[in-house]
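Reading through the structure tokens given below for one structure.
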Amino acid sequence: MSENNIKLERTLSLKAVVLFGLAYMTPLIVLGTFGVIASTTNGAVPTAYLITTVAMLFTAYSYGIMARTYPVSGSAYTYARKAIDSRVGFMVGWSVLLDYFFLPMVIWLIGAAYLNARFPEVPSWIFLLGFIGITTFLNVYGIKLASKVNSLLMMFQILVIGFFVLLSVRHVFATGGADALFSLGPFVGDDAGFTAIAAGAAVAAYSFLGFDAVTTLTEETIEPKRNIPRAIMLTALIGGGIYVLVGYTTQLAHPGSNFVNADSAAFEIARTIGADLFGAIFLAGMVLAQFTSGLAAQASASRLLFAMGRDAVLPRKLFGALHPRFHTPVFSIVLTGAIGIIALFLDVLSAASFINFGAFIAFTMVNLSVIFLVSNDEDARRRYGVLKGMVVPLIGALVNLWLMSKLDINAVILGLIWLSIGLAQLIYLTRFFRREPPEVDFDESEPEPAPASVKANL
């Protein structure tokens with residue numbers, strides 16, 4: 001068979017793609033960040049997730065339109081580049097790079113916080129450096145553990161979440177009776193104001209990072225123009241439903257926002273509702289999820305940096321080189337690990353808000369890409385009309401900008417600095433906008449520096 005005839009086989013059904021998207025979102029993260037969001041919203045976690053879910057559904061609809069129009073890899077970067085402008089696409093890609101580059105840091109920080117809650121005599125920084133060291137070592141050697149255990153981990157997470165919900169319900173029933181199971185308390189919190197809930201919703205968006213990852217399966221999905229948009233919507237809807245349900249039952253079991261340590265609050269609640277045994281099971285599930293997620297996130301970040309280096313968007317000698325023995329982008333992997341050390345000086349709230357800045361930029365630009373597409377393409381305008389092609393994405397863009405305005409001010413400042421660095425790089429690459437910026441190629445047939453199933457979609 002000639003090289004030109006080699007194609008990925010279309011075997012994935014809608015159900016399989018949705019399951020992949022849910023696994024990618026890591027459902028257990030709703031418990032990993034529960035204390036942080038509860039503290040921000042004054043005990044109204046489910047409301048924060050409800051607002052974020054609605055916002056993500058508008059954005060998911062726009063992703064679906066763009067995925068149907070451009071069924072290729074690249075996600076927000078590709079959509080903005082093709083629908084708006086190549087320079088705008090570069091800046092969108094740069095903002096998404098913020099997520100990929102710093103996401104492992106947040107994952108390791110959450111994992112270290114939960115281990116420190118169980119073993120307080122061990123300093124948190126030891127666990128953090130342990131996460132960084134082990135995952136960096138494995139990724140340098142080209143391990144594909146993240147993709148191999150993806151389904152098993154998903155099953156384990158669902159079991160842990162299911163037991164958490166059931167034990168929370170049992171705890172509430174035992175202490176307050178059946179009436180206590182139906183309460184508006186978790187939605188209103190301790191006199192939580194709208195500003196506080198909005199700030200919590202902005203942080204809750206962290207749980208939706210990667211819901212668009214199903215677009216990376218376009219070439220392996222049956223009827224992709226039909227099933228990929230549906231999978232994006234279903235992933236956001238089902239994932240959001242899980243977050244709201246778990247947030248509600250957990251907030252019932254622990255009303256308010258007073259915790260020994262907000263960064264590891266769910267471990268404290270797990271021991272309350274299920275004693276030490278379930279606390280240990282929950283901790284094992286959380287650490288395993290964070291370790292595997294961190295492994296995948298670091299691998300995908302290095303894959304993205306390698307692609308940008310190979311195409312001279314970043315210095316090729318550093319980022320575009322593979323190790324002669326391991327065939328992995330060692331410089332990018334080690335750099336991502338080194339960036340994780342910044343977590344020593346941050347808490348989960350600050351770190352999550354920082355990377356959410358990049359996510360909101362990308363989400364906003366995908367919505368705007370739909371508007372530009374419908375405005376400039378007669379077929380798209382006829383197919384989607386004013387409501388679907390203009391009003392819905394405009395609402396999605398405005399909601400994302402509103403949520404971004406609720407992020408921690410330090411995160412916004414750091415995000416703007418990051419965009420300034422990207423703008424300087426764009427000016428250099430285009431010689432003051434006199435030529436087109438180089439295009440990042442996400443050809444998965446290149447040497448394998450990272451698992452193909454993880455976040456290789458800019």
Side-chain angles (χ1 to χ4, degrees), residues 12-34 37 45-68 75 150-166 168-169 186-187 200-201 203-218 220-251 266 285-286 289 292-293 296 356 359 363 366 392 396 399-400 403 453-455 457:
L12 297 179
S13 64
L14 174 63
K15 178 182 177 181
V17 178
V18 171
L19 287 176
F20 172 86
L22 292 175
Y24 196 95
M25 286 175 66
T26 315
L28 201 59
I29 196 59
V30 62
L31 295 173
T33 57
F34 178 83
I37 298 175
V45 171
T47 307
Y49 274 110
L50 189 60
I51 291 174
T52 308
T53 299
V54 172
M56 291 302 104
L57 287 176
F58 279 103
T59 299
Y61 185 81
S62 292
Y63 266 99
I65 291 177
M66 298 308 295
R68 184 181 294 112
S75 194
N150 188 50
S151 297
L152 179 62
L153 176 62
M154 181 64 179
M155 291 174 59
F156 186 64
Q157 286 189 66
I158 293 299
L159 283 174
V160 172
I161 290 174
F163 277 116
F164 206 104
V165 170
L166 290 175
S168 295
V169 170
F187 288 101
V203 179
Y206 170 78
S207 303
F208 287 85
L209 291 179
F211 80 90
D212 65 323
V214 295
T215 60
T216 62
L217 301 178
T218 298
E220 299 167 87
T221 301
I222 301 169
E223 298 184 57
K225 289 189 176 182
R226 174 175 175 267
N227 285 330
I228 290 296
R230 289 185 175 184
I232 294 173
M233 287 293 292
L234 286 172
T235 299
L237 182 61
I238 296 172
I242 292 173
Y243 296 151
V244 173
L245 173 63
V246 177
Y248 176 76
T249 55
T250 307
Q251 196 77 83
M286 179 62 68
T292 309
S293 182
N356 278 354
F363 293 161
V366 170
V392 171
V399 172
N400 279 297
L403 289 174
S453 67
V454 295
K455 300 179 184 177
N457 66 315

Between [X] and [Y], what is the shortest heavy-atom contact and its length?
X	Y	answer
Ala204	Ala48	CB-O, 4.4 Å
Val244	Leu50	CG2-N, 3.8 Å
Thr47	Pro186	OG1-O, 4.3 Å
Gly240	Thr53	CA-OG1, 3.3 Å
Met25	Gly239	CE-CA, 4.2 Å
Val246	Val30	CG1-CG1, 3.8 Å

Qualifying residues under ring pair (Phe, Tyr, Trp, His ring centres under 6.0 Å), relative to Tyr206, sequence neighbours excluded: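 Partners of Tyr206 under the ring pair (Phe, Tyr, Trp, His ring centres under 6.0 Å) test: none.
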Side-chain heavy atoms of [X] within contact of [Y], under 4.5 Å:
X	Y	answer
Phe164	Thr249	no
Gln251	Phe187	no
Ile238	Val18	yes
Tyr243	Ile29	yes

Whether Thr250 side chain and Gly247 backbone form a donor-acceptor pair below 3.5 Å: no
To the nearest 0.5 Å, tell me how far [X] [atom1] sits from [Y] [atom2].
X	Y	atom1	atom2	answer
Leu403	Asn356	CG	CG	9.5 Å
Ile242	Ile158	CD1	CD1	5.0 Å
Leu57	Thr52	CG	OG1	11.0 Å

Go through the structure and list residues passing side chain to side chain donor-acceptor pair (under 3.5 Å) with [X], not counting sequence neighbours.
X	value
Arg68	Tyr384
Ser207	Tyr49
Asn400	Thr59
Ser62	Asn367

Do any side-chain atoms of residues 225-235 form donor-acceptor pairs under 3.5 angstrom with protein atoms, and if so which ones, sequence neighbours left out?
from, atom 1, to, atom 2, distance (Å)
Asn227, ND2, Ile222, O, 2.6
Thr235, OG1, Ala231, O, 2.7

Stepwise side-chain contact (heavy atoms from CB on, under 4.5 Å) check, Val160 with Leu28: CA-CA 8 Å; Val160 172; Leu28 201 59; 3.9 Å; yes
